[in-house]
Amino acid sequence: MLVTPASPAFSRVSSATLRVANILDFVLSSYGKAYGISARHRAGLVARFYRTVRAIPAGTTALSHVIMAREILSIPPHVRGDVIECGVWKGASTASLSLVCHVVGRRLLACDSFMGLPDAGLHLYLAPHSRTYGYLKGGMFYGSLAEVQANVKALGRLEVCDFVPGLFAESLKGLTRPIVFAFLDVDLPSSFQDCLQAIWPLLVDNGAIYVDDVGCMKIVRIFFDDMWWEQHLRCPAPGLVGSGCGLPIHSSYSNVGYVRKLPPFQPSQWKRDPDLHYPADYPEGT
């Protein structure tokens, strides 16, 4: 059989290669060293992530859980703050994130209506890069609070979790503690906006928000909408890494990306690019 870049066989081989490369990077690198986490412990986390997505219906892959774990383990221990997840469905990603929060000593805030998507009519969901479409309707992605808690108890660390039930526009108003990492898998553009308005002001500098649904351009546009960000959060739109096609953890497409809250520009903390011009008579950073 001839294997070409456009063939399914090539896609399977290249995807498997990327998966192995990302897992080996996670296990064999020093992620979590500041927390005393060993390669054996990281390998154990990977195995548990894969066990979780096999046992619980999940909208995310075990590999995306590895990528998020890598991010959380890279946060310095002296940086105070919680981890938050908005949109938990049956609790698969909640279970995985709780395992990571347990080893780094952070609380996990699991936020959901626990009643499925709000009943707001049909919403067309288009992902142009993967050429997929469908509709979202009220009640989809339902998982009761009791069901989610049981799943997390069985496969994660229930003791590090605080569950925050309700619609995001109301339930997130009570957040006050710093946030070091967020995962948003909330499907609807209006829900993303509600989450961002509550979480972004609490997100620490250099903290990341990981986003599912980066293939849906209605959602991607939010992260580039300067007018919306200036109006609601008084800052420029931060953009979104992975817009349209996701992070390169699959040969053709993944559904996860991220945005990082960068501190204000400081010339002394940025590096210069040898291909750019820096006039000698211009003040630094202008």
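What you see is a predicted model; the values in this text were computed from it and never measured.
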(request) Check step by step if side chain to side chain contact (heavy atoms under 4.5 Å, CB included) holds for V220 and M217. (result) CA-CA 5 Å; V220 167; M217 299 311 295; 3.9 Å; yes
(request) Evaluate side chain to side chain donor-acceptor pair (under 3.5 Å) for T60 paired with H65, printing each intermediate quantity in order. (result) CA-CA 8 Å; T60 51; H65 296 187; 2.8 Å; yes
(request) Decide side chain to side chain contact (heavy atoms under 4.5 Å, CB included) for F183 and L108; before the verdict, give the C-alpha distance in whole Å, the side-chain angles of both, and the deciding distance to 0.1 Å. (result) CA-CA 11 Å; F183 176 47; L108 171 61; over 6 Å; no
(request) Report the C-alpha distance between L240 and Y258 in whole Å, list the side-chain angles of each, state the deciding distance to 0.1 Å, and finish with yes or no for side chain to side chain contact (heavy atoms under 4.5 Å, CB included). (result) CA-CA 6 Å; L240 181 66; Y258 70 88; 5.7 Å; no
(message) Go through it in stages, so that I can follow the logic: the residues are D212 and L184, the test is side chain to side chain contact (heavy atoms under 4.5 Å, CB included), and I'd like the CA-CA distance, side-chain angles, deciding distance and then a yes or no.
(response) CA-CA 6 Å; D212 197 54; L184 308 184; over 6 Å; no
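Residues V180 and V83 meet the side-chain proximity criterion, which asks for heavy atoms closer than 4.5 Å. At least one side-chain heavy atom of Y253 sits less than 4.5 Å from a side-chain heavy atom of S130. Taking 4.5 Å as the limit, every side-chain heavy atom of V256 sits out of range of all side-chain heavy atoms of V214. Two residues are said to be in side-chain contact when any heavy atoms from C-beta on lie closer than 4.5 Å; F224 and P238 fail this criterion. The closest side-chain heavy-atom distance from D213 to N255 is below 4.5 Å. You'll find the side chain of I37 reaches within 4.5 Å of the side chain of L73, heavy atoms only. The shortest side-chain heavy-atom distance between D205 and L262 does not fall under the 4.5 Å cut-off. Between E85 and S93 there is a side-chain heavy-atom pair separated by less than 4.5 Å.
V164 and V160 fall into different hydrophobic clusters, where Ile, Leu, Val, Met, Phe, Trp and Tyr side chains are chained together by heavy-atom contacts under 4.5 Å. There is a path of hydrophobic side-chain contacts, each under 4.5 Å, that joins F181 to Y31. L172 and L97 sit in two unconnected hydrophobic clusters of ILVMFWY residues. Membership requires side-chain heavy atoms under 4.5 Å apart, directly or through other members. L247 and F192 sit in two unconnected hydrophobic clusters of ILVMFWY residues. Membership requires side-chain heavy atoms under 4.5 Å apart, directly or through other members. Both I179 and F223 are members of a single hydrophobic cluster when ILVMFWY side chains are connected at heavy-atom separations under 4.5 Å.
Although no hydrogens or angles enter the test, the distance criterion places a donor-acceptor pair under 3.5 Å between the side chain of W229 and the main chain of I222. For S113 (side chain) and M115 (main-chain N/O), a donor-acceptor pair under 3.5 Å exists by modelled atom type. One N or O on the side chain of R42 and one on the backbone of F26 form a donor-acceptor pair closer than 3.5 Å. The backbone N or O of V204 sits nowhere less than 3.5 Å from a side-chain atom of K261 that would complete a donor-acceptor pair. For R157 (side chain) and A95 (main-chain N/O), no donor-acceptor pair under 3.5 Å exists by modelled atom type. Between the side chain of S30 and the main chain of K33, no donor-acceptor pair closer than 3.5 Å is present. Formation of a donor-acceptor pair under 3.5 Å by the D25 side chain with backbone atoms of A21 is not found in this model. Remark: the backbone N or O of F49 is not paired with any side-chain donor or acceptor of S96 at under 3.5 angstrom. Here the side chain of K90 pairs a donor or acceptor atom with the backbone of Y142 at under 3.5 angstrom. Between the side chain of S254 and the backbone N or O of H250, no donor-acceptor pair lies under 3.5 Å.
Taking both residues in full, the closest heavy atoms of F141 and L136 are given as CE1-CD2, 3.9 Å, listed atom of the first, atom of the second, then distance. Counting all heavy atoms, side chain and backbone alike, L109 lies closest to L175 at CD1-CD2, 3.8 Å. Heavy-atom minimum distance, G87 versus F168: N-CZ, 3.8 Å. Nearest heavy atom pair, residue V79 against residue I75, reads CB-CG2, 4.1 Å. The nearest pair of heavy atoms linking V100 to A69 is CG2-CB, 3.7 Å. Shortest non-hydrogen contact noted between C195 and V186 is SG-CG1, 4.1 Å.
Atoms OG and CG, on S74 and N206 in that order, are 12.0 Å from each other to the nearest 0.5 Å. Going from atom OG of S171 over to atom CG of D194 covers 9.0 Å, rounded to the nearest 0.5 Å. Here the CG atom belonging to L158 is positioned 12.0 Å from the NE2 atom belonging to H102, to the nearest 0.5 angstrom. Atom OG of S15 is separated from atom CG of L63 by 10.0 Å, given to the nearest 0.5 angstrom. Atom CG of D112 and atom OG1 of T94 lie 8.0 Å apart (nearest 0.5 Å). Between I209 atom CD1 and E71 atom CD the span is 11.0 Å, to the nearest 0.5 Å.
Y278 carries R272 over the face of its six-membered ring, with the cationic atom under 6.0 Å from the centre and within 45° of the normal.
Counting non-hydrogen atoms of other residues, nucleotides and ligands closer than 6.0 Å to CG of L167 gives a total of 12 or fewer.
Salt bridge present: D82 and R177 bring a charged side-chain N and a carboxylate O closer than 4.0 Å. No salt bridge links K153 with E159; every basic N to acidic carboxylate O contact stays at or beyond 4.0 Å.
Side-chain atoms of D185 and Y210 include no donor-acceptor pair closer than 3.5 Å.
Taking the side chain to side chain contact (heavy atoms under 4.5 Å, CB included) definition, one finds that L126 meets it with L124, Y133, sequence neighbours left out.
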